[in-house]
Amino acid sequence: IGWYAVHINANDIATKGARPLWYLATLLLPEDLTTEAVVEKIFHDTLEACRAVGVTLIGGHTEVTDGLSRPIVVGQMLGETYKNQLVRADGATPGDLIILTKGIAIEGTTVIAREHETDLFDVLDQKTLKKSRQFIHSPGISVLQEATIATECGSVHAMHDPTEGGLATALHELAWAAGVGLRVRTEAIPVFPETQALCNHYHLDPLGLIASGALLIVVPSAEADLVLARLGHAAISATVIGEVTDRRHGIKMHTASGVCDLPLFEQDELTKV
């Protein structure tokens, strides 16, 4: 939980075009389940993650709290960027292209594989199940590297890391923030075979499954090739999945069977599991 909280907070700073630098964590521990080993493990993982993303743990609060069934971490990350390099969520402009890194539902895949492993022995072979469990590390839920590369390339108009509600919700949020429409090609959206297998088994739509680890980068069409090339040089897969349109055209999804509205999920698909 300590490792996880650091990376999720660092993602939020990185998608603003900023460099994460300082971290504070409030750690609330359950009265009946807390041991010295548990506390040492959480702080060890927290500090390891801080070193990985180049931040310093500068404070916070820790206490044993009555009425909890599990540890809770509330994190706050602070970072810096130049004012003229700040990337806002509302910067998408008609004509921009939408780049997606890695693939969708990385977090959803690893959570399902970790929490329902015994149910999946007949669904995935052991090698694939082990790989799915490790999605949290590879491809990984951190988007710091790709966000930094995109920011350094030049004119990024917007960035967003899909989390709860999956890719579909993140795309809606980008469109709402900027007051624009979107046209997304479903055949261009990378879905890992492990993710697809789990979604097929549990009857989930990968577009609505929690998706930390992917990054949406909105750039002028003339700069898309440069961003893709720089990401590729860093061995980060990335794909253009659509473009920004005028809001009058709506938020649309192009499928093999035609054009329809991009679905909006009232709750994350993970809750069905």
Derivation of the side chain to side chain contact (heavy atoms under 4.5 Å, CB included) call for Leu47 and Val6
CA-CA 9 Å; Leu47 291 171; Val6 170; over 6 Å; no
Using side chain to side chain contact (heavy atoms under 4.5 Å, CB included), reason through Tyr202 and Asp119 one step at a time and then give a plain yes or no.
CA-CA 11 Å; Tyr202 288 108; Asp119 299 334; 3.9 Å; yes
Does Lys16 form a side chain to side chain contact (heavy atoms under 4.5 Å, CB included) with Leu86? I'd like the steps, not just the answer.
CA-CA 6 Å; Lys16 299 296 179 287; Leu86 179 68; 4.1 Å; yes
Please assess Leu100 against Leu167 for the test side chain to side chain contact (heavy atoms under 4.5 Å, CB included), listing each intermediate value before the final yes or no.
CA-CA 9 Å; Leu100 177 71; Leu167 176 68; 4.0 Å; yes
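In plain terms, the two heavy atoms of Asn9 and Gly75 that are nearest each other are OD1-O, 3.1 Å. Residues Tyr23 and Cys50 approach most closely at CD2-SG, 4.0 Å, considering heavy atoms. The two residues Ala147 and Ala14 come nearest to each other via the heavy atoms CB-O, 3.5 Å. When all heavy atoms are compared, the tightest approach of Gly213 to Thr101 is O-OG1, 4.3 Å. Contact record, Pro206 with Gln196: CG-OE1, 4.2 Å, taken as the closest heavy-atom pair. Heavy atoms only, all atoms of each residue included: Cys199 and Leu209 are closest at SG-CD2, 3.9 Å.
For the atom pair CD1 (Ile42) and OG1 (Thr46), the distance works out to 7.0 Å, reported to the nearest 0.5 Å. To the nearest 0.5 Å, the span separating SG on Cys260 from CE on Met253 amounts to 3.5 Å. If you take CG on Leu231 and CD1 on Ile217, they are separated by 5.0 Å, rounding to the nearest 0.5 Å. Going from atom OG1 of Thr271 over to atom CD of Glu266 covers 10.5 Å, rounded to the nearest 0.5 Å. For the atom pair Ile236 CD1 and Glu146 CD, the distance stands at 4.5 Å (nearest 0.5 Å). To the nearest 0.5 Å, atoms OG1 (Thr163) and CD1 (Ile8) are separated by 8.0 Å.
At least one side-chain heavy atom of Ile72 sits under 4.5 Å from a side-chain heavy atom of Val74. Side-chain contact between Ile98 and Val244: present, with at least one pair of heavy atoms (C-beta onward) separated by less than 4.5 Å. Ile99 places none of its side-chain heavy atoms less than 4.5 Å from the side chain of Ile241. Residues Glu117 and Leu129 are in side-chain contact: their nearest non-hydrogen atoms beyond the backbone lie under 4.5 Å apart. In this structure, the side chains of Pro30 and Pro71 come closer than 4.5 Å at one or more pairs of heavy atoms. At least one side-chain heavy atom of Leu144 sits less than 4.5 Å from a side-chain heavy atom of Pro20. Annotation: side chain of Glu194 is in contact with side chain of Phe135 (closest heavy-atom distance under 4.5 Å). A heavy-atom distance below 4.5 Å is found between the side chains of Glu63 and Leu28.
In the hydrophobic clustering of ILVMFWY residues, with side-chain heavy atoms under 4.5 Å counting as a link, Phe192 and Ile104 come out apart. Placement of Leu21 and Ile58 within a single hydrophobic cluster is found when ILVMFWY residues are connected by side-chain heavy-atom separations under 4.5 Å, directly or transitively. Hydrophobic clustering (side-chain heavy atoms under 4.5 Å, transitive across Ile, Leu, Val, Met, Phe, Trp, Tyr) keeps Val219 apart from Leu216. Residue Val55 is grouped with residue Ile1 when hydrophobic side chains (ILVMFWY) are merged at heavy-atom distances under 4.5 angstrom, including chains of intermediate members. In terms of hydrophobic clustering, with Ile, Leu, Val, Met, Phe, Trp and Tyr side chains grouped at heavy-atom distances under 4.5 Å, Val53 and Met159 are assigned to different clusters.
Under the 4.0 Å criterion applied to side-chain N and carboxylate O atoms, Lys272 and Glu269 are assigned as salt-bridge partners. Taking a cutoff of 4.0 Å between a charged side-chain nitrogen and a carboxylate oxygen, Glu80 and Arg19 do not qualify as a salt bridge. Contact check on Lys41 versus Asp45 returns a salt bridge, with a Lys/Arg side-chain nitrogen under 4.0 Å from an Asp/Glu carboxylate oxygen. Note on Arg230 versus Glu152: no salt bridge recorded, every NZ/NE/NH1/NH2 to OD/OE distance being 4.0 Å or above.
The backbone N or O of Glu31 lies less than 3.5 Å from no partner atom in the side chain of Thr34, so there is not a single donor-acceptor pair. The backbone N or O of His254 sits less than 3.5 Å from a side-chain atom of Thr186, completing a donor-acceptor pair. His61 contributes no side-chain N or O that, together with a main-chain N or O of Leu24, makes up a donor-acceptor pair within less than 3.5 Å. The closest donor-acceptor contact from the side chain of His172 to the backbone of Leu262 lies under 3.5 Å. No donor-acceptor pair under 3.5 Å is formed between the side chain of Thr245 and the backbone N or O of Arg183. At least one donor-acceptor pair under 3.5 Å links the side chain of Asp268 to the backbone N or O of Ile210. Between the Thr255 side chain and the Ser257 main chain, a donor and an acceptor come within less than 3.5 Å of each other. Judged by distance alone, the side chain of Thr81 and the main-chain N or O of Gly79 form no donor-acceptor pair under 3.5 Å.
Of the residues Val111, Leu198, Val273, the one that meets the side chain to side chain contact (heavy atoms under 4.5 Å, CB included) test with His116 is Val273. Just one residue in the list Asp96, Asp90, Leu174 forms a side chain to side chain contact (heavy atoms under 4.5 Å, CB included) with His157, and that residue is Asp96.
Between His137 and Trp3, the distance separating the two ring centers is shorter than 6.0 angstrom.
Between the side chains of Thr109 and Thr195, at least one donor N or O lies within less than 3.5 Å of an accepting N or O. With 3.5 Å as the limit, one finds no donor-acceptor pair spanning the side chains of Gln134 and Ser138. Judged by distance alone, the side chains of Asp125 and Thr128 do bring a donor and an acceptor atom under 3.5 Å apart.
More than 12 non-hydrogen atoms from other residues, nucleotides or ligands lie less than 6.0 angstrom from CZ of Phe121. Counting non-hydrogen atoms of other residues, nucleotides and ligands closer than 6.0 Å to NZ of Lys131 gives a total of 12 or fewer. Around atom CD of Glu187, more than 12 heavy atoms belonging to other residues, nucleotides or ligands sit under 6.0 Å away. For Arg114, the CZ atom counts as densely surrounded, since its 6.0 Å shell holds more than 12 non-hydrogen atoms of other residues, nucleotides or ligands.
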